[in-house]
Every structure is written in C-alpha cells, then in structure tokens.
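The structure under discussion appears below in the form of structure tokens.
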Amino acid sequence: MTKHQEPAVDIKLARSFGLNQEEFDSIQRIMGRMPSYTELGIFSVLWSEHCSYKNSKPLLKLFPTRAPQVLQGPGENAGIVDIGDGLGIAMKVESHNHPSAIEPYQGAATGIGGILRDIFTMGARPIALMDPLYFGSLDDAHVRHLFSGVVSGIADYGNCVGIPTVGGSVVFDESYTTNPLVNVMCLGLVENKKIMRGFASGPGNLVIAVGATTGRDGIHGATFASEELSEASSAKRPSVQIGDPFTKKLLLEATLELIESGLAVGIQDMGAAGLTSSSIEMASRAGTGLEMDMAKVPLRETGMTPYEIMLSESQERMVVVAPKENYDQIKAIFDKWELHCSSIGVVTNDGHVRIKWGEKVFADIPVKALVDEAPVYERESRKPGYLDKLKQFIQNDIKEPKDHNKSLNSVLSAPTIASKRWVYQQYDHQVRTNTAVLPGSDAAVLRIRGTNKAIGITTDCNGRYCYLNPFNGGAIAVAEAARNLACSGAKPLGLTDCLNFGNPYKPEVFYQMKQAVEGLAEACKVLEVPVISGNVSLYNESLTHSVYPTPLIGMVGLIEDVSHITTQWFKEAGDIVFLAGDIQSQPDIGGSEYLKEVHGQVNGDAPAIDLQAEKKLHNFIGEAIKAGLVCSAHDCSEGGLAVALAECCFADLSSNPSPDGRGGTGLTADLSGLPGRGDFKLFAENQSRVVLSSKAEDVEKLVSLAKKYSIDILKLGTVGGDRLVIKDLIDLPVAEARKTWEEAIPNKMK
C-alpha cells in the first residue's frame, strides 16, 4: 500500500467529484499546492451540498431553534426536546432519495439504518420510525417497482431491528415519477443526564472505529446525493450502500451500553461521507485535529486505498473518541456483541486532519477549511413564470358535477387519499408494545413507560401546495402537522425537517426553496415550534422537471395524560358533529385533490393560511380535549370536508372492531351553514378547520369554550346509521365508501 500511486489531480477529476472551477481554485489556495487525490476526495464530500449545506445555509438561519424545552438544537446528530421526568425525545429526519431511485430496497433500508444511528448516537434508544414517501403515478410499472421495493426495504429493516414503524404518509403525483422522495424519521427516548454528543475532544484521546468492517460500497454517496439523477445514474449503484439490520441491532445495543458505561467522550455515526464526515465533524465541534492510520481500519475487501476507506459509506459503523486507558474496556463491550473495535488514530491539538497508511501521509488538511470554511452561496432567485399563469384560474368556470357521490368516490380512491393499509400492514407497528394509536389517525401516539405521558408524532407536506404557492405551502406544512398533533391531544414541542427541492442553480427552483423556507420559518415562529434538527435534499430532478418543492415536516408533541389521547374516528351513535375553525371563508378548490382527480387540473393558488387563527384553533382543541368535551377530532385537509367526514365514519379497523359490524358508523349532516356551491363545500381544502364530535350533553360547554377562544363552530349533524348522508349532496353506504377507499392501492398494485 505504501507504494500506491494516486491518480493525478486536475479540474476534470475535480468536476467528476462534483466540484466546480471556483471551488477547485479555492482548494489549491487553502492548501498552497495541488491537493492529493485523497485530499480532493475529502474536500469534495465535505463541500457537497449533502454535508456542507452550501446552497441552503443562509436560509436555514431563518428558523427559530431555541425554546425552554430544547435540550439539543441543530448541529448534532439529532435534536432533543425535554418531556419532563428527566426524559427527552431525540428526533431527526433524513432523505435517501437518489439511492432509492436506483436501488429501491437497499436505498430505503439503509435510509432506516442511517436514521437509527443518528438517534442512538445521542444516547437515545430508538422507539419509533415514520416513513413519509412520495412517488409518481401507480399507473406506471416502474413506479410500482419503486414503491414496492421501498416499502419492503423499510419493513424488513425496521422489523428486523425491532423498531416500530408507527406512521408516515404516502403521496402520489407524476412530479415524483423518476425521482421518488424517500424520507425517514426516527424518534428515541433518552435520559437527559445521559445525552451523548459528537465531540472529538481531548488531545491524546483515541479515535476508535467500531461496528462492521469497511468495504467499497457507498463511495461518493454524499456527492451522488448532491447531483441530478440522469440516464447514467444507474451506473452509480456502488454509491448505494448495503444494509445489515442484524448487525445494526448489535451495534445499537453495544453503543447504548458504551454510553451507559461513561467510557467515551464522543460518538458519531459513519453516515454520509463515512469516516470522513464523522471524524472531521467531531474534530470541528471540539476545535481539535486528528491523525488516523487507514492500515488500522478493519476492512472486508482487499487492496483498499486510503481514499476508498475514508469515503466508504459501508453501513453499521461508528466513530468513538475515548481516553487511551479506557480502550480495553471499550473493546470488551464490542467483543461481547461480536463487533469490530479498532483504535485507528488519535486526537491532536494542531487543528489538522492527517490521513496516513503507516508512515506515509496521504492527506493533511486544516479541519476548519473542510467544515467552517466550506463555500456558502446566495443563489439567484427568480419567480417562475408558471405561477402568474396558474393564478388566473377562475374556479367558477369549473362545471359542477351532477353526481357528487361519484366525485366523492373518485377522490376517496385517489392513491394519495386512499387507505395506506397496503403499506403499513407490512410493518410491525406494535413491537415494544408502546404504540397507543396505530397508523391511520391524524398522528401516531406512543406511551412513555414509567410515566402517565404519551407523545404524538406526525409528518406532513403537500408538495402541490408548495408548487402553487411556495410560501403558503411551507407554512401549511407546519400548521397541518401542529393541527394533527392538536387533534390527537398533543402540544407541539419541536420539529425536524427534510427540505426536498430540485437543482438550486436553477433560479426558479431556488425561488421555490427560499419562499418555502420563509413560510416554514414564519409558521414556526407564530405557532412557537422550534426547529431542532433537519436535512436538506437538493437536485431532486427528472430529465424534464424538478419534483414539486417538498419541505417535509416531522413534528413531536407531548400528551401530559394518556387519558387525553384522541383519535379521528366517530365513537357512538348520537354524538354531535361540528366543524370548528374557518367556516366563513369562501371555499377555494385551488390545488385540491378534487380539482386534480375529478377535473384533471393542477391549477389556482394554494389555500390561504391565517397562522394566528390557526394557533387559536389549536389552543381551543387542546383545552376542549383536556376538559373531556371531545370524542373525536380530525384535521380537515387533503380531500376537503367530505373526505374528512368519510374518514371519521370509517372504523379504526387497525385496532378496534367496527362499531356496527359494517366497517364504520354513519353520519347525517347538513352543510347549508357553509358558503359556496355544493362541490366546493365538499372538496375545498380551506385550512384551519377541524371536524369534532361531542356527547350531546357536552355540546353547550363545547360551544361556550369555542366562544372563549373566538373560534367559529358549526353543528354539522349527528353520528348514527350506516350511511354517509350530507343533505342534498351525498348519500352513500359507509361500507361502500370504505371499500372504495380501502381497495384503491391494492387494486393498483395487482
């Protein structure tokens, strides 16, 4: 190996690594010479968008990140919020979009593996996974292949490791046909006094590689994630890592045992850019340097070079920093779990990272140059021309269908709206037996053992809204997530985001990104939800277009008393149903599922959003639930009021028998108190609205509480029977509507 001759470095090689001329020139100025092949590789991955956020960092500064409950904000492997009783919830969302587009099973599986490491690296035991997914039309055979592979990868990995996948979302739109979005979110439970962070502190301390061996899989995965997909992308299958959930389970337990022992001073997972990003980011946080010998890294392939070892993204590996005197005890822990443990280097005090093979130096770079001095760009922003054209849409020009039953069935059978049982029945969502609300309601809910508390978890983002109005779409993603938690009895504590956009070098794409982030930030500030962690995934492009701008939000909320857990399904005949929130605004079908499915148009503007009104609505719902005045609560969003009412009627078949043996319970309702024509009342997706049900004897108190909060509330009808009847508009057997809703995706996947 010491005789190994590295390839010559030039601009052509730099460009193949994803660097431009300006960046290549900067590297030469920093180094005072031409970089070596290994040095260029290290710069290329740490200066990639995936690692450096060079095109998004100025926007990320807009987010509020501090609040009394925030124990760890952005900058670590995961964020952490305090839930009381000395406990915290760690949370993070990541993307594995490009790998999943090329190799859907392993792309999704290793996405799960990576997000799990982010959580247990912090000292938190993973307790739940969420899977917000975006695909093209299921009429496309290749999309069905991607969809099936991704779901199988998530299911197999999560089930093998023993972490419940408790919820998520699945959206289908032609925008995502060749570039699906595969976002995965994980939550963990940690004792606050045992939180671990990724610091390579203490010159003289050892740098230790633990877990699986290192191979050539995943090399340049970070740069692969920072470029557009093309017809040549399938040739980059080596950039897709191979996961091993059984080794991951061993690594999880060994790492948590190590943290419990107090023997380590810092831990970080080897995720994107592998050993390069993990070790160098740890040194950057601590203000130290590193010297590492690649000859000491446990390998599973022969002839690997320092360049390959540093950039490999082989799964199930961690970096540990610890005092020399603790090494034998640390190795004993990993030996017990049958995992590799090797001292590969030492922390230094000179601020450089030196990569060696024996005595030969292959790289010697200032840490600050790689992390703190990575380029940051203010890209050109230009409003896309399509926006003004779409806003010329006049909804009254849309002809009202004569058969609203048919329209409702069409919307219920749209794969984005339809039941996702085909997906979540493949997951074990009850392993560890903490899941209190299974997939299907507004938010998943997990009990916190040893307390009377629970947490609500949700993921949200309507990419179509962000396409039509990026600012409103971003704000709505936050508002809907918070609304879903409110409907479940939870008060939001913090959020994590995955900002999925196209190529930021395209001014129209950067406009979408900038506006959407500003919308997210504004909603976070008004609703008082701090951003505690996140991820940016750019270059999500097909050969012809960018994906819809999709700033995915994952949010966690606290339920102080498990008796306050609330679900969306109607409970008993005779309960009174209300619509609370914005009931006075004219209905707007712009960007609605109804407009797309029934009329074949993506047109108009995204729904308007009044964030102050939204906040009042959440506070009202929270107090009403705590007062015992609410039997069910359901966010009224995609699909509009008719879909929300239908979903309230469908039985919670995932955990409970149907109330009347027919797959749900009926409703007799009257929408004459709402403005607008019939189909608009049914299917407009106006924001800040919630469907509530209440016992007849509690109605007066509920209405009085609404007045206290200045919340408009309209009685819609009464639960009972076996039909969904909306006066003069809808009359369908609930069982028939549920069958349409349940069978839509399975029929497409046959």
Side-chain angles (χ1 to χ4, degrees), residues 404 408 411 441-442 476 479-480 482-484 486-488 566-571 574-589 592-594 607-610 613-625 629-650 665-696 698-720 724-730:
H404 295 307
L408 178 56
V411 178
S441 195
D442 285 53
I476 288 170
E480 185 176 346
R483 199 183 315 137
N484 283 333
C487 288
S488 303
T566 307
T567 55
Q568 71 184 39
W569 302 285
F570 293 147
K571 300 303 186 292
D575 288 350
I576 308 301
V577 178
F578 294 90
L579 181 64
D582 181 10
I583 62 176
Q584 296 182 7
S585 296
Q586 288 293 321
D588 185 351
I589 62 166
S592 66
E593 202 70 24
Y594 166 69
I609 177 80
D610 181 335
E614 186 79 42
K615 184 177 180 180
K616 285 197 304 181
L617 178 63
H618 300 178
N619 291 337
F620 158 66
I621 295 167
E623 185 168 340
I625 287 173
L629 305 177
V630 174
C631 300
S632 69
H634 186 23
D635 165 39
C636 183
S637 54
E638 285 90 345
L641 180 56
V643 166
L645 292 172
E647 290 172 341
C648 292
C649 288
F650 302 156
T665 187
L667 168 71
T668 301
D670 183 351
L671 305 188
S672 60
L674 295 174
R677 79 185 203 196
D679 57 336
F680 297 170
K681 291 180 184 181
L682 292 170
F683 301 113
E685 298 178 6
N686 292 39
Q687 295 297 296
S688 309
R689 301 188 301 169
V690 170
V691 173
L692 302 171
S693 68
S694 177
K695 296 289 184 190
D698 292 329
V699 165
E700 190 175 329
K701 292 179 182 177
L702 183 67
V703 171
S704 176
L705 188 62
K707 287 181 180 178
K708 172 186 170 183
Y709 280 93
S710 300
I711 297 295
D712 290 331
I713 188 166
L714 175 69
K715 179 181 175 182
L716 298 182
T718 305
V719 175
L724 172 58
V725 178
I726 301 176
K727 184 180 178 183
D728 300 328
L729 298 171
I730 299 287

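Keep in mind the model is a prediction, meaning the values are calculated, not measured.
Crowding of Lys695 atom NZ: a count of heavy atoms from other residues, nucleotides or ligands under 6.0 Å exceeding 12. More than 12 heavy atoms of other shown residues, nucleotides or ligands fall within 6.0 angstrom of atom NZ in Lys615.
A distance of 5.0 Å separates CG of Leu408 from CZ of Phe683, quoted to the nearest 0.5 Å. Taking CD of Gln586 as the reference point, atom CG of Leu674 lies at 10.5 Å (rounded to 0.5 Å). Put simply, CG on Asp712 and CZ on Phe578 are 13.5 Å apart, with the number rounded to the nearest 0.5 Å. Atoms NE2 and SG, from His634 and Cys487 in turn, are 8.5 Å apart once rounded to the nearest 0.5 Å. From Ile476, atom CD1 reaches atom CD of Glu614 across 9.0 Å, with rounding to the nearest 0.5 Å. If you take CZ on Arg689 and CG on Leu579, they are separated by 5.5 Å, rounding to the nearest 0.5 Å.
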Does the pair Lys727 and Ser672 meet the rule for a side chain to side chain contact (heavy atoms under 4.5 Å, CB included), with working shown?
CA-CA 8 Å; Lys727 184 180 178 183; Ser672 60; over 6 Å; no

Run the side chain to side chain contact (heavy atoms under 4.5 Å, CB included) test on His404 and Asp679 for me, step by step, so that the C-alpha distance in whole Å, both residues' side-chain angles and the decisive distance to 0.1 Å come before the verdict.
CA-CA 7 Å; His404 295 307; Asp679 57 336; 3.7 Å; yes

Could you go through Ser441 and Thr567, starting from their C-alpha distance and side-chain angles, then the distance that decides it, and tell me whether this counts as side chain to side chain donor-acceptor pair (under 3.5 Å)?
CA-CA 6 Å; Ser441 195; Thr567 55; 5.1 Å; no

List the steps and the verdict of side chain to side chain contact (heavy atoms under 4.5 Å, CB included) for Ile726 and Leu724.
CA-CA 7 Å; Ile726 301 176; Leu724 172 58; 4.3 Å; yes

Check step by step if side chain to side chain contact (heavy atoms under 4.5 Å, CB included) holds for Asn619 and Tyr709.
CA-CA 8 Å; Asn619 291 337; Tyr709 280 93; 3.7 Å; yes

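A pairwise comparison of heavy atoms in Gly678 and Leu729 identifies CA-CD2, 3.7 Å as the closest pair. Between Ala633 and Thr566, the shortest heavy-atom distance links the atoms N-CG2, 3.9 Å. The minimum heavy-atom distance between Ala580 and Leu692, with the atom names listed, is CB-CD1, 4.0 Å. Lys681 and Leu641 make their closest contact through O-CB, 3.8 Å (heavy atoms, listed as atom of the first residue, atom of the second, distance). Considering every non-hydrogen atom in both Leu716 and Leu645, the closest pair reads CD1-CD2, 4.1 Å. Of all non-hydrogen atoms in Val630 and Ala624, the two that sit nearest each other are CG2-CB, 3.7 Å.
Between the side chain of Thr668 and the backbone N or O of Val725, no donor-acceptor pair lies under 3.5 Å. A donor-acceptor contact shorter than 3.5 Å is absent between the side chain of Gln687 and the backbone of Pro607.
Using a 4.5 Å heavy-atom cutoff, the side chains of Trp569 and Ser632 are not in contact. The closest side-chain heavy-atom distance from Val577 to Leu667 is below 4.5 Å. Residues Glu480 and Asn484 form a side-chain contact, since some pair of their non-hydrogen atoms from C-beta on lies under 4.5 Å apart. Residues Phe570 and Cys649 meet the side-chain proximity criterion, which asks for heavy atoms closer than 4.5 Å.
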